[in-house]
Amino acid sequence: MSPKFKHIVVPKEGEKISVKNKKLVVPDHPIIPVIEGDGIGRDIMKATRRVVDAAVDKAFGGKRKIAWMDIYAGENAQKLYGELLPKETLDAIKQYVVALKGPLTTPIGGGFRSLNVTLRQVLNLYACVRPVRYFDGVPAPVKHPENMNVVIYRENTEDVYAGIEWAKGTKEVKQVIDFLNKKFKLSIRSDSGIGIKPISVTGTKRLVRKAIQYAIDKNRKSVTLVHKGNIMKYTEGAFRDWGYKLAITEFRDKVVTEDEVNKQYGGQIPAGKIVINDRIADSMFQQILTRTGDYEVLATPNLNGDYLSDACAAQVGGLGMAPGANIGDFVGLFEATHGTAPKYADKDMINPGSLILSAVMMLDYMGWGEAGKLIENGIEQTIKDKTVTYDLERQMDGATKVSTSQFATNIINNMR
């Protein structure tokens, strides 16, 4: 029996995705909640749904089909509900497990630090997953962009993004500063703002566990813990230590540490083993440029992962080609990684690549990888043909600029 919602219309045809025995059970006609998004979300979501529908139809010969269910957040929700993030939107994502989302803006004074962060925290979507790879033909600022093929697992709920802070001059910040200075004999200036950076064993282990399991499932060669533990020893340093301990305790038969490789195996990785290593965050930024091909799966605290995922995307076409997902134990919210770019809204000109590739991640998560592969092939051929949206066209010699909708049509026509 379908749940009753105030404004959400549940498709008559379609079934819920469910979880049984700790695995997703995906019917042939799953109902997928979709948040259109603000600004350019309207254009890129239309394009994305067309591409996904065409790929699913082509891959499965009409046997499978997505029943899209519009749900609301941001500007659309404000108009319908009088609030930016209504409870029934959250309920719908929880109940239907897998959802697709366009970019959202948090208006000034809207009551949320960020709608995106709120969604992740309320739904406990603790892993932000950002795969970054090169598509042949995409303009890049580096000599060998083809070496980039990493998947970043970024912890989503802790670190400075927990949002625990007090503004300079407030009663609360004075109490915090007085307490810290008196209790721990510190010398924090009275005109400071204060923020708290929590990193827990719980948050670290579940994130690293997901990263290692992904590496096992996808036959990746290494998982790198990225941290600033040389300075922040009890938060980011602990992230590193807890990550290693989790790897050895839960995946001993599958993994070997970099230290073990060097001391016990003469620098040669044993067959069938995944290497667990770690890198200091600032060094990692340098190495992802100079030794790009050495890295495969990265596990990071929140802030490091935010910077690093954008830095990786910059090497292979920018955020317009960078997909993302926020995943909990089972619930997955797949979304574009860029903003709403309101000045380009409804102009049918923005690159929908980020959202389309996020939908590819969604299809893979559902076990419909055949459709996702068709989309990737279609994107790659379209880029090789140099019929691209303005962000890529202006960087490519001899390219033809096309609209968002035409770019989607070209992808569909190039699916093979």
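One is the number of the first residue; the rest follow in order along the sequence.
Once rounded to the nearest 0.5 Å, the distance linking CD of Q121 with OG of S114 reads 9.0 Å. Note that CG of L289 and NE2 of H144 are 13.0 Å apart. Values are rounded to the nearest 0.5 Å. Rounding to the nearest 0.5 angstrom, the gap separating the CG atom in D278 from the CD1 atom in I280 is 6.5 Å. Annotation: the span from T157 atom OG1 to N302 atom CG amounts to 7.5 Å, rounded to 0.5 Å. The CD1 atom of I8 sits 4.0 Å away from the CD atom of E88 when rounded to the nearest 0.5 Å. Here NZ of K373 is found 5.0 Å from CG of N377. Values are rounded to the nearest 0.5 Å.
Using a 4.5 Å heavy-atom threshold, the side chains of V176 and L180 count as touching. You'll find the side chain of I411 stays beyond 4.5 Å of the side chain of E380, heavy atoms only. Residues E236 and P301 form a side-chain contact, since some pair of their non-hydrogen atoms from C-beta on lies under 4.5 Å apart. In this structure, the side chains of V10 and I31 come closer than 4.5 Å at one or more pairs of heavy atoms. Side-chain contact check for T170 versus Q175: every heavy-atom pair is 4.5 Å or farther apart. Two residues are said to be in side-chain contact when any heavy atoms from C-beta on lie closer than 4.5 Å; H227 and T300 fail this criterion. Using a 4.5 Å heavy-atom threshold, the side chains of L374 and I412 count as separate. No side-chain heavy atom of F285 sits less than 4.5 Å from a side-chain heavy atom of R279.
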Where do V151 and L298 land on the side-chain contact (heavy atoms from CB on, under 4.5 Å) test, with the steps shown first? CA-CA 6 Å; V151 179; L298 310 177; over 6 Å; no
Residues R189, I177; criterion side-chain contact (heavy atoms from CB on, under 4.5 Å); working and verdict: CA-CA 8 Å; R189 296 186 182 93; I177 291 171; over 6 Å; no
Begin with the C-alpha distance, continue with both residues' side-chain angles, and end with the deciding distance and a verdict on side-chain contact (heavy atoms from CB on, under 4.5 Å) for Y295 and M284. CA-CA 10 Å; Y295 298 98; M284 188 69 222; 3.5 Å; yes
Residues T382, N410; criterion side chain to side chain donor-acceptor pair (under 3.5 Å); working and verdict: CA-CA 6 Å; T382 301; N410 293 350; 5.7 Å; no
Stepwise, does the salt bridge (Lys or Arg N to Asp or Glu O under 4.0 Å) test hold for E155 with K197? CA-CA 13 Å; E155 204 290 320; K197 177 189 176 76; over 6 Å; no
Would you sort out whether E376 and R133 count as a salt bridge (Lys or Arg N to Asp or Glu O under 4.0 Å), showing the intermediate values? CA-CA 11 Å; E376 287 185 324; R133 56 156 287 195; 3.7 Å; yes
CA sep, side-chain torsions, deciding dist, call: R240, T204, side chain to side chain donor-acceptor pair (under 3.5 Å): CA-CA 9 Å; R240 169 194 179 276; T204 298; over 6 Å; no
When you look at E75 and Q78, which way does the side-chain contact (heavy atoms from CB on, under 4.5 Å) test go after all the steps? CA-CA 5 Å; E75 293 169 2; Q78 186 68 48; 5.5 Å; no
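Closest non-hydrogen pair, I71 versus A92, comes out as CG2-CB, 4.0 Å. In terms of heavy atoms, T404 sits closest to D43 at CG2-O, 3.9 Å. The two residues N156 and A127 come nearest to each other via the heavy atoms ND2-C, 3.8 Å. Listed here is the closest heavy atom pair of V150 and C312: CG2-SG, 4.2 Å. The two residues L363 and G372 have their closest heavy-atom pair at CD1-N, 3.8 Å. In this structure, L100 and M362 approach most closely via the heavy-atom pair CB-SD, 4.1 Å.
Of the possible polar contacts, none joining the S192 side chain to the I188 backbone as a donor-acceptor pair under 3.5 Å is found. K386 places no side-chain N or O within 3.5 Å of a backbone atom of I383 that could act as its donor or acceptor partner. One N or O on the side chain of T337 and one on the backbone of A322 form a donor-acceptor pair closer than 3.5 Å. When atom types are taken as modelled, the side chain of D159 and the backbone of L303 share a donor-acceptor pair closer than 3.5 angstrom. Checking side-chain atoms of E393 against main-chain N and O of T387 turns up no donor-acceptor pair under 3.5 Å. Counting only distance, with no hydrogens or angles, the side chain of T249 and the backbone of L246 share no donor-acceptor pair below 3.5 Å. In this structure, S354 contributes its side chain and A336 its backbone to no donor-acceptor pair below 3.5 Å. Checked by atom type and distance alone, the side chain of E260 pairs as donor or acceptor with a backbone atom of T257 at under 3.5 Å. A distance-only check finds no donor-acceptor pair linking the side chain of T224 to the backbone of N277 [under 3.5 Å]. The closest donor-acceptor contact from the side chain of Y244 to the backbone of I248 lies at 3.5 Å or more, if one exists at all.
Around the NZ atom of K273, the shell of radius 6.0 Å holds more than 12 heavy atoms that belong to other residues, nucleotides or ligands. Around atom NZ of K46, more than 12 heavy atoms belonging to other residues, nucleotides or ligands sit under 6.0 Å away.
A salt bridge links K228 with D282; the closest basic N to acidic carboxylate O contact falls under 4.0 Å. Salt bridge K168/D191: absent, no basic N to carboxylate O contact under 4.0 Å. Salt bridge status for D91 with K87: present, with a side-chain N to carboxylate O gap under 4.0 Å. Salt bridge status for R49 with D70: present, with a side-chain N to carboxylate O gap under 4.0 Å. The pair R130-D310 meets the salt-bridge criterion, since a charged nitrogen lies less than 4.0 angstrom from a carboxylate oxygen. For K263 and E258, the salt-bridge test fails: no basic side-chain N is under 4.0 Å from an acidic carboxylate O. Between R42 and E36, no side-chain nitrogen of the basic residue sits less than 4.0 Å from a carboxylate oxygen of the acidic one, so the salt-bridge criterion is not met.
Side-chain contact check for Y126 and R120: no donor-acceptor pair (N or O, by modelled atom type) lies under 3.5 Å. Checking Q287 against D294 by side-chain atom types alone, no donor-acceptor pair falls below 3.5 Å. Between the side chains of K101 and N116, at least one donor N or O lies within less than 3.5 Å of an accepting N or O. Between the side chains of T389 and D391, at least one donor N or O sits under 3.5 Å from an acceptor N or O.
Applying the ring-ring contact (aromatic ring centres under 6.0 Å, His included) test to every pair with at least one member in residues 34-75, sequence neighbours left out, gives these pairs: F60-W368. Judged as a ring-ring contact (aromatic ring centres under 6.0 Å, His included), the pairs with a partner in residues 315-340 (not counting sequence neighbours) are, in order, F334-Y365.
Judged by the 6.0 Å distance and 45° axis criteria, K401 is not positioned over the aromatic ring of Y390. A cation-pi contact, defined as under 6.0 Å to the ring centre and within 45° of the axis, links R154 to Y161.
The aromatic rings of F184 and F179 sit perpendicular, their planes meeting at an angle over 60°, well past the 30° parallel limit.
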